[in-house]
Amino acid sequence: MTAILRAADIHTFYGKSHILHGVSIEVNEGEIVTLLGRNGAGKTTTMRSLTGLTPPRQGTIEIFGKNTTHWPAHRIAGLGVGYVPEGRKIFGSLTVLENLKVPPARPGAWTLDRVLALFPRLAERRSQLGRQLSGGEQEMLAIARPLLLNPRLMLLDEPSQGLAPLIVREVMAVVRRMREDGLSVLLIEQNAPLSLSIADRAYVLDDGRVVYDGRAADLAKDSDLVNKLAGAGSKAVRQSA
Amino acid sequence: MQLLLFNAFNGLIQGVFYALMALGLALILSLNSVINMAHGGFLVIGAYLAYTLSPYLGFWGALIVGPLLAGVIGLVVERGLIRPIYKRSDPLYSLLLTFGLALIIEDLTRTIWGAQGLPLEVPDIINSPVSETYFFITGYRLFVIGITAAASIGLYLLLRYTLLGIRIRAGTRDLETTAALGVNIYKLRALNFGFGCLFAGLAGVLAAGVLGLTPPMGNSLIMPSFVAIIIGGVGSLFGAVLGGLLIGLAAGIVTTYYPAASEAVIYLMMLIVLAVRPRGLLGEEGLFE
Ligand SMILES: Nc1ncnc2c1ncn2[C@@H]1O[C@H](COP(=O)(O)OP(=O)(O)OP(=O)(O)O)[C@@H](O)[C@H]1O
Ligand SMILES: [Mg+2]
């Protein structure tokens with residue numbers, strides 16, 4: 001298996017606060033990898049490092065064989081890296097269609113028509129402003145938007161946050177669908193059982209360090225370990241166990 | 001009555017210049033997060049280049065090429081001087097930088113073209129009064145209103161319907177997410193700064209046709225243009241135009257009754273708007289929503 005994303009020993013800061021203390025993660029071609037950890041563990045910061053929004057001060061990031069450590073965000077996206085940010089970050093004053101036109105379309109299977117066919121609710125509401133959408137619709141839009149880049153790697157930061165269970169299932173179906181389409185996926189989730197159920201491998205972060213690295217199925221079996229490591233996400237484990 | 005109309009119309013023309021300036025300033029403020037103190041300098045650049053080019057290109061050619069060159073120079077300035085300070089989040093840096101730039105442009109203009117006033121020749125067909133009673137309504141002034149309306153509508157269409165416009169609006173709201181979606185925000189901001197300067201240049205050429213050219217000609221327009229933005233509402237381009245027209249008109253009308261207060265009334269209006277509606281007349285919404 002070839003790693004299409006490799007972060008090696010990255011240290012990331014916000015101003016003077018040292019958040020990531022040597023994080024190393026890999027995503028292989030065609031994999032779904034999940035990144036777990038309690039609140040404030042550094043999951044979002046890891047993703048911001050990978051996307052170029054908060055570049056690491058130390059360590060290296062390689063994506064599709066290129067050293068992207070200090071690339072600006074738009075160049076990394078241009079390689080085919082789709083990003084669904086935490087909190088969705090929909091452009092509320094733009095229509096659904098305009099939101100979908102922000103990413104410069106790269107040639108590939110995903111066209112506007114195909115994306116709208118995958119998300120019929122968005123097609124129906126194409127002329128509505130982003131801020132008029134429901135939470136679930138906004139999440140769909142946040143996922144649909146980077147698809148127009150025809151990404152080979154998708155980074156999703158808590159796509160199920162604040163959504164009703166039915167919608168969460170729909171979101172996860174879309175994530176599986178991405179993998180069937182040949183995309184590799186890095187998925188941040190608070191809901192550990194949910195993401196472990198669709199992921200191939202898992203990393204658990206704590207206090208800016210990787211504290212678990214292994215097969216998702218192994219971690220899912222050991223709910224005590226999930227409990228200990230993933231903190232908040234473990235509540236759901238206890239309930240479902 | 002005649003005098004009131006005369007002053008009101010003069011004020012409206014002045015307001016048109018404020019509106020053009022405020023439009024460019026507001027564009028730059030919302031996407032580049034720069035309070036462009038050098039905006040009056042780009043007005044001067046547009047006006048003087050049009051003056052120099054008009055013997056070769058005629059008035060019409062100069063009217064187009066002058067502002068375009070001001071825009072291109074704006075683009076170069078953004079690349080060379082403004083871009084390096086984006087990462088400094090303190091607005092003081094860009095304020096000081098563009099303030100210094102304004103002084104440099106004014107002195108350069110004085111060095112190249114001299115300190116004395118220069119006239120910009122306007123073709124006769126658009127320069128004669130439309131009627132005898134209303135002698136102050138010259139064809140040129142109507143022309144200024146028409147060009148400004150056309151330019152504003154053009155900008156509106158660009159922002160509303162083009163991919164570039166959509167990305168400028170997106171970047172105004174959330175620059176980081178726009179970049180993460182693959183938009184080259186460096187290019188986007190440079191183009192946007194250029195557009196803003198193009199509008200300043202256009203104001204310069206049009207104003208030169210009424211008032212002639214002097215190196216500090218931008219100075220008297222820049223403060224009222226900031227006031228126009230505040231009255232219209234920061235973040236709203238339509239508000240900037242409205243604010244510009246309103247304060248121009250108000251200053252004109254006040255001139256009839258109490259000339260000494262014609263400048264103060266602008267700031268008085270700003271205080272009243274800020275007290276009653278702190279976000280400005282149209283400040284709640286963004287670009288042309
Ligand atoms: N812009 C910022 N400036 C300073 N510190 C920040 C900033 N953003 C996050 N932090 C801090 O960095 C640490 C890691 O935050 P991060 O957002 O990466 O955590 P997370 O694992 O994504 O948490 P959550 O599950 O709550 O989303 C936290 O302690 C947080 O307070
Ligand atoms: Mg987070």
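Below, chain A is the first sequence line, B the second, and so on; all start at residue 1.
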How many angstroms lie between atom OG1 of A:T54 and atom CD of B:E176, to the nearest 0.5 angstrom?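 Answer for the OG1-CD pair, A:T54 versus B:E176, is 6.5 Å.
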Could you grab the distance from atom OG of A:S93 to atom CZ of B:R169, nearest 0.5 Å is fine?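 Going from the OG atom of A:S93 to the CZ atom of B:R169 covers 7.0 Å.
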Side chain, backbone, both or neither of A:P151 within contact of chain B (heavy atoms, under 4.5 Å):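 A:P151 has no heavy atom closer than 4.5 Å to chain B.
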Would you mind checking which part of A:R48 comes under 4.5 Å of any heavy atom in chain B, side chain (CB onward), backbone (N, CA, C, O), both or neither?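 For A:R48, the side chain is the part near chain B, not the backbone.
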For B:L163, is it the side chain, the backbone, both or neither that has a heavy atom under 4.5 Å from a heavy atom of chain A?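 Interface part for B:L163: side chain.
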Residues from residues 95-114 of chain A approaching chain B under 4.5 Å (heavy atoms):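 Within residues 95-114 of chain A, the residues under 4.5 Å from chain B are A:E98, A:K101, A:V102, A:P103, A:P104.
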For chain B, which residues of residues 12-26 of chain A have heavy atoms nearer than 4.5 angstrom: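 The stretch does not come within 4.5 Å of chain B.
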With a 6.0 Å cut-off (strictly less than), is the heavy-atom count around OH of B:Y267, excluding the residue itself, greater than 12?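 Yes - once you tally the heavy atoms of other residues, nucleotides and ligands closer than 6.0 Å, there are more than 12.
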Residue pair B:A170 / A:L94: nearest heavy atoms and the distance that separates them: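 Closest pair (atom of B:A170, atom of A:L94, distance): CB-CD2, 3.9 Å.
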Restricting to non-hydrogen atoms, name the atom on B:A179 and the atom on A:A77 that form the minimum distance, rounded to 0.1 Å.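 Minimum heavy-atom separation between B:A179 and A:A77: O-CB, 4.4 Å.
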Do A:F91 and B:T177 pass the side chain to side chain contact (heavy atoms under 4.5 Å, CB included) test, and can you show the C-alpha distance, the side-chain angles, and the key distance before you say yes or no? CA-CA 9 Å; A:F91 303 108; B:T177 302; 4.1 Å; yes
Side chain to side chain, A:H74 and B:N184, heavy atoms closer than 4.5 Å: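 A:H74 vs B:N184: side chains touch.
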